[in-house]
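Here is the structure we will look at, set down as structure tokens.
Atom set for the values below is all heavy atoms of this structure, side chains included, hydrogens, waters and symmetry mates excluded. Indexing begins at 1, ligand by ligand and atom by atom, following the structure's order.
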Amino acid sequence: MITPRIEINLDKIAHNARILKNLYSSKGIGIMCSTKVVCGDSKIAKVLIDSGIKTLADSRISNIIKIYNAKINAQLVLLRTPLISQAELVVKYADISLNSEISVIKKLSKFAQKYNSIHKIILMVELGDLREGIMPSDLEDTIEEVIAMQGIEITGIGTNLTCFSGIEPDDEKMEQLSLIVKNIREKFNLTLEVVSGGNSANYNWFISTKDVGEINNVRLGESVFMGCEALYSKPIPELFTDAFTLITEVIESKIKPSVPYGTIHKDAFGNIPKFNNRGLIRRAILGVGLQDVLVSGLTPMLDIEILGATSDHVIIDCKNTELKVGNEVKFNLNYGALLAAMTSSYVTKLYV
Ligand SMILES: *Cc1c(COP(=O)(O)O)cnc(C)c1O
């Protein structure tokens, strides 16, 4: 069979989505599923909807359009604050977008009027992770301006943590968000239907908190697809952590020294590699490389060790495993490896 390929177990994804939906709803929190790590794959999107997920979210408008064109019956949310140059597409294809810039919202308003539609937005609030978000002290002024715009409805408030700076979404941060929401509701007489507390890193807060406050939504990608929470990458009980498997193929297998010989210079990526001397070892080369996958995010399913990689090769120490040319070698992937493999056109996607 063709390699490298990523085998996608749709039943395991469906199972994870159902369990997470039930788990979060036990404390009144709805979930939207982020499809960005699978590039808005329409088969996976369909499986999520069939598992009871009503809202799909993606960071790229091209992925949103892909899902839209697949006629999947879902509410579509653009996760990344829109590129102002794509405002028209956002209004046409996304039901909701996450926003933090007034000039962008103005453009969305312009196109919403052109298409005679109402575009819903979730205003993102900065709580310390320092990626997207309006500073809390500027929020009221922003809302005042947005309320005056035609074609725009502020449907909610959200925040995003643990993405750029690794800041934990703990009780303190979530209480801060709840307080902000309460103030805005009072001051502006807004319903704020959606209060979106974060992503897969919110799991530990969710499990341990006694009171979710005003939070009624999370946006989940990693926990649906990897079966893990995102703070410590720990598996979530009852979830599958192996919905995706990368399958590669041996293209060379020989007994060779474990340390290179000759004058050492930089490798293909500008690093000077270091190797431990383990004497003669069986080295295998796999027909997969950095153009296919983030090799550092791979875990072999056999007792072998990855020694390094170039654009098109992964070199392994076979240890006591017998590997011959043509043998298939399987790996588990972390989030970064999955992202790269799904994005690479060199990796065949196989649904099982
Ligand atoms: C990617 C993303 C998510 C989902 O994050 P996971 O860690 O995959 O759950 C949520 N919100 C925003 C704004 C995102 O960009």
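- Glu101 has no carboxylate O lying under 4.0 Å from a charged side-chain N of Lys106, or vice versa, which leaves the two without a salt bridge.
- The nearest non-hydrogen atom to atom 5 (O) of ligand 1, considering only Asn199, Asn160, Leu98, comes from Asn199.
- Comparing Arg80, Arg219, Met226 by heavy-atom distance to atom 10 (C) of ligand 1, the nearest is Arg219.
- Cation-pi geometry between Lys27 and Phe206 is met: under 6.0 angstrom from the ring centre, within 45 degrees of the axis.
- Looking at Thr35, its side chain never comes within 3.5 Å of a backbone N or O of Ala45 through a donor-acceptor pair.
- Atoms of ligand 1 found under 4.0 Å from any heavy atom of Leu220 (numbered from 1 in listed order, with element): 9 (O).
- The distance from ligand 1 to the heavy atoms of Leu79 drops below 4.0 Å at these ligand atoms: 2 (C), 11 (N), 12 (C), 13 (C), 14 (C).
- Ring geometry for Phe225 against Phe244 counts as perpendicular: the plane angle is over 60°, on a 0 to 90° scale with 30° as the lower cut.
- At a heavy-atom cutoff of 4.0 Å, ligand 1 is contacted by no atom of Ser59, backbone or side chain.
- Given atom 13 (C) of ligand 1, the protein heavy atom at minimum distance is Glu132 OE2, 3.5 Å.
- When the heavy atoms of Lys36, Arg131, Met124, Met32 are ranked by distance to atom 3 (C) of ligand 1, first place goes to Lys36.
- In this structure, the side chain of Asn9 does not engage the main chain of Ala243 through any donor-acceptor pair within 3.5 Å.
- Between Ala201 and ligand 1, no pair of N/O atoms sits closer than 3.5 Å.
- Ligand 1 has an N or O atom lying under 3.5 Å from an N or O atom of Glu222, backbone or side chain.
- The nearest heavy-atom contact from the protein to atom 9 (O) of ligand 1 is Ser200 OG, 2.5 Å.
- Not a single donor-acceptor pair under 3.5 Å links the side chain of Ser253 to the backbone N or O of Lys324.
- Between the Ser258 side chain and the Gly279 main chain, a donor and an acceptor come within less than 3.5 Å of each other.
- Residue contact annotation: Tyr335 has a non-hydrogen atom under 4.0 Å from ligand 1.
- The two atoms that bring Ala112 and Gly151 nearest to each other are CB-O, 3.4 Å, heavy atoms only.
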